[in-house]
Amino acid sequence: RTRVRIEVFGAARGHFNSMSSILKRMCTVHKARLGFPGPIVKRLFSTDSGTAEAPERQGLVDSKRVVVKVGTAIVSKPNGRLALSRMGALVEEIADLVESGKQVMLVSSGAVGLGRERMGLSKEVVSNVQNVVERQACAAAGQEVLMSTYDMMFNRLGLKSAQVLITQGDFLMPDRYTYLTNTLTRLCALGVVPIINENDAVTGSMQLDPSSSGKVFTDNDMLSSLVAAGTRSQGLCMLTDVDAVFTKPPDEPGAERIKVYTADREVVIGEKSTMGRGGMGSKIYAARVAAQGGVNCAIANGIDVRNISRVFRGEDIGTLFPPEDFPSSKHQHWLAFSAQPSGVVGLSQDAVKRLRDHKHDQEEDVFNIRLIDITKCDGQFPAKSTVSILDQLGKEIGRAQLQANSQEIQETIAVGNAKEISFHNSRLVAKAADIVIMH
């Protein structure tokens, strides 16, 4: 019989969570027996919150490949140092998910904040968009601390981890997007936990400016959504420092938790997090992108990391973003959410109706774009470029990758392609696989 004597000093919840996680793993892995009856152990170390499962969250329960996203506020303390007790409990929660049969990817912020503390720089210096090099230096120093801590913790639990640092270009270029998502999928299949972060050491701090254009993602909230959808994951747990999405900032009177988010809900957004780049607004937008990629997404409080298990047990906590209609292929999802359009084409009313009517079945004979369908072309672009598709009112309805360049399209429009159907203007310029209709 193995007896373990534990003396707990202090009442910090994070330390108790970490201690209970360690004891649970000791009982599981080493089959040790504590010096008191089993039912007491089960009650003491249970992660059951007593919250009933919600039927609309069954997709999270059934998910086989999932992404867990944690922000700077979860992995570090206000002074910039690692929150070791929370990180230990986080790794334990992920180990439990893996043990239950799920493939798990972890998107973790925190490198810049940790590097700032190590480099002795102030928050004001690092958060200033003009101090690009300082931020990059902090990211380089902090990423090593973050990853080595994760690797040590996962290794202690018998799990393998892999560092994956991502840049904007990995999503902008279709080949790199395919290589990235295939690598992540393969790592999961091999039982490895990919630990993902943006490579801030080379991307600079332009993402601090919410008005910056030409960016696929501006924070790790959006990065986690793109990773989840690109790897065809079924679940995404986005952890933050508040309990859920509320109708207004939760510290204001009358704020109500939104259990299931719908597009018509009005939300008053408060200030964004102190050291992170994202706020609740960015999390809502990212969660909607994930949902449009067919992912069951939940935003929940990560200060108590036991919420990870609760989310994937389908308990009614946080805010659920149910999956919506989503592009049927990885390439179409890339077109919808990662590709940057090089130009704009307007389509005839008949072409728009045809594409909308067949957006689900995508029959090759009708779900396509021909030269004769195009009534407007703005921008200069070569063949195989991504363009925005507009209806007759100038509203974007989707995107396509065209097999014709802008000059050829503009010349065809100039001679009046709608007057007469010819061999030339009936030519196919976008097939079903290269079109995505979003509205």
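Heavy-atom basis, side chains included; hydrogens, waters and symmetry copies ignored. Sequence positions, counted from 1, serve as the residue numbers for this chain. Remember, it's a predicted structure, so these values are computed and weren't measured experimentally.
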Please report the closest heavy-atom contact between I74 and R86, naming both atoms and the distance. O-NE, 2.8 Å

Between T247 and E256, is there a donor-acceptor pair closer than 3.5 Å when you use the side chain of the first and the backbone of the second? yes

Donor-acceptor pair, side chain of R65 and main chain of A228, under 3.5 angstrom: no

Which atom of F321 lies closest to which atom of I284, heavy atoms considered: CE2-O, 4.1 Å

Atom pair OG/CG of S224 and L236 - distance to nearest 0.5 Å: 4.5 Å

Hey, is NZ on K259 packed in by over 12 heavy atoms from elsewhere, all under 6.0 Å? no

So which atom in H333 and which in R232 form the shortest heavy-atom distance, rounded to 0.1 Å? CB-NH1, 4.3 Å

To check you understand the geometry: which heavy-atom pair defines the closest contact between S388 and E396, and what is its length? OG-OE2, 2.9 Å

Does M173, at its CE atom, have more than 12 non-hydrogen atoms belonging to other residues, nucleotides or ligands within less than 6.0 Å? no

First locate atom CG of L320, then atom CG of N296, and finally report the distance between them rounded to the nearest 0.5 Å. 7.0 Å

Look only at the side chain of R399 and the backbone of A339, and say whether a donor-acceptor pair between them is shorter than 3.5 Å. yes

Residue pair I299, Y261: steps toward the side chain to side chain contact (heavy atoms under 4.5 Å, CB included) verdict: CA-CA 10 Å; I299 294 178; Y261 187 91; over 6 Å; no

Ignoring hydrogens and angles, tell me if any N or O in the side chain of N131 forms a donor-acceptor pair with the backbone of V125 under 3.5 Å. yes

Return yes if some donor-acceptor pair links the side-chain N/O of Q143 with the main-chain N/O of A111 below 3.5 Å, else return no. no

First locate atom CZ of R427, then atom CG of L371, and finally report the distance between them rounded to the nearest 0.5 Å. 5.0 Å

Indicate yes or no: at least one non-hydrogen side-chain atom of E198 is less than 4.5 angstrom from one of N220. yes

What residues, two or more places apart in sequence or in another chain, satisfy salt bridge (charged side-chain N to carboxylate O under 4.0 Å, His left out) together with D243? none

Roughly how far apart are L159 CG and D151 CG, rounded to 0.5 Å? 11.0 Å

L355 side chain reached by I369 side chain, heavy atoms, under 4.5 Å: yes

Is any side-chain heavy atom of D221 less than 4.5 Å from a side-chain heavy atom of Y285? no

Hey, are the side chains of F246 and M280 touching, using non-hydrogen atoms and a 4.5 Å cut-off? no

Non-hydrogen side-chain atoms of S282 and M222 separated by less than 4.5 Å: no

Does atom CZ of R176 have more than 12 heavy-atom neighbours from other groups under 6.0 Å away? yes

Intermediate values then yes/no, side chain to side chain contact (heavy atoms under 4.5 Å, CB included), R116 and E134: CA-CA 9 Å; R116 179 195 66 79; E134 284 78 5; over 6 Å; no

Return the minimal non-hydrogen interatomic distance between E56 and V260, and the atom names on each side. OE2-CG2, 3.9 Å

What do you reckon, is CG of D365 surrounded by more than 12 foreign heavy atoms closer than 6.0 Å? no

Can you name the nearest heavy-atom pair linking G80 to E117, along with the distance? O-CB, 3.9 Å

Main chain of R370, side chain of D373: is a donor-acceptor contact present, judged purely on distance under 3.5 Å? yes

Got V164 and V227 here, is their nearest side-chain heavy-atom distance under 4.5 Å? no

Do I435 and I437 touch side chain to side chain, with heavy atoms closer than 4.5 Å? yes

Quick one: pull up CE in M147 and CZ in F154 and give me the separation to the nearest 0.5 Å. 8.5 Å

Determine whether V68 and F312 make a side-chain contact, defined as any pair of heavy atoms from C-beta on separated by less than 4.5 Å. yes

Are any side-chain N or O atoms of E364 and backbone N or O atoms of K431, one a donor and one an acceptor, separated by less than 3.5 Å? no

Going by atom types only, do S108 and Y150 share a side-chain donor-acceptor pair under 3.5 Å? yes

Can Q332 and Q362 be counted as having a side-chain donor-acceptor contact under 3.5 angstrom? yes

Of the options L390, I374, D391, which is the one that meets L347 in a side chain to side chain contact (heavy atoms under 4.5 Å, CB included)? I374

Salt-bridge present (D316, R257; N to O < 4.0 Å): yes

Does R118 form a side chain to side chain contact (heavy atoms under 4.5 Å, CB included) with E144? I'd like the steps, not just the answer. CA-CA 11 Å; R118 170 174 275 198; E144 187 275 332; 3.5 Å; yes

Tell me whether N307 contacts the main-chain N or O of N301 through its side chain, where contact means a donor paired with an acceptor under 3.5 Å. yes

For R310 and D304: C-alpha separation, side-chain torsions, deciding distance, then whether side chain to side chain contact (heavy atoms under 4.5 Å, CB included) applies. CA-CA 11 Å; R310 292 166 183 157; D304 183 356; 3.3 Å; yes

CE of M438 to NZ of K359, rounded to nearest 0.5 Å, is 9.5 Å

Donor-acceptor side-chain pairing of D170 and T167 below 3.5 angstrom: yes

Would you say T181's side chain and T178's backbone share a donor-acceptor pair under 3.5 angstrom? yes

Does the T72 side chain pair with the main chain of S109, one donor and one acceptor, at a distance under 3.5 Å? no

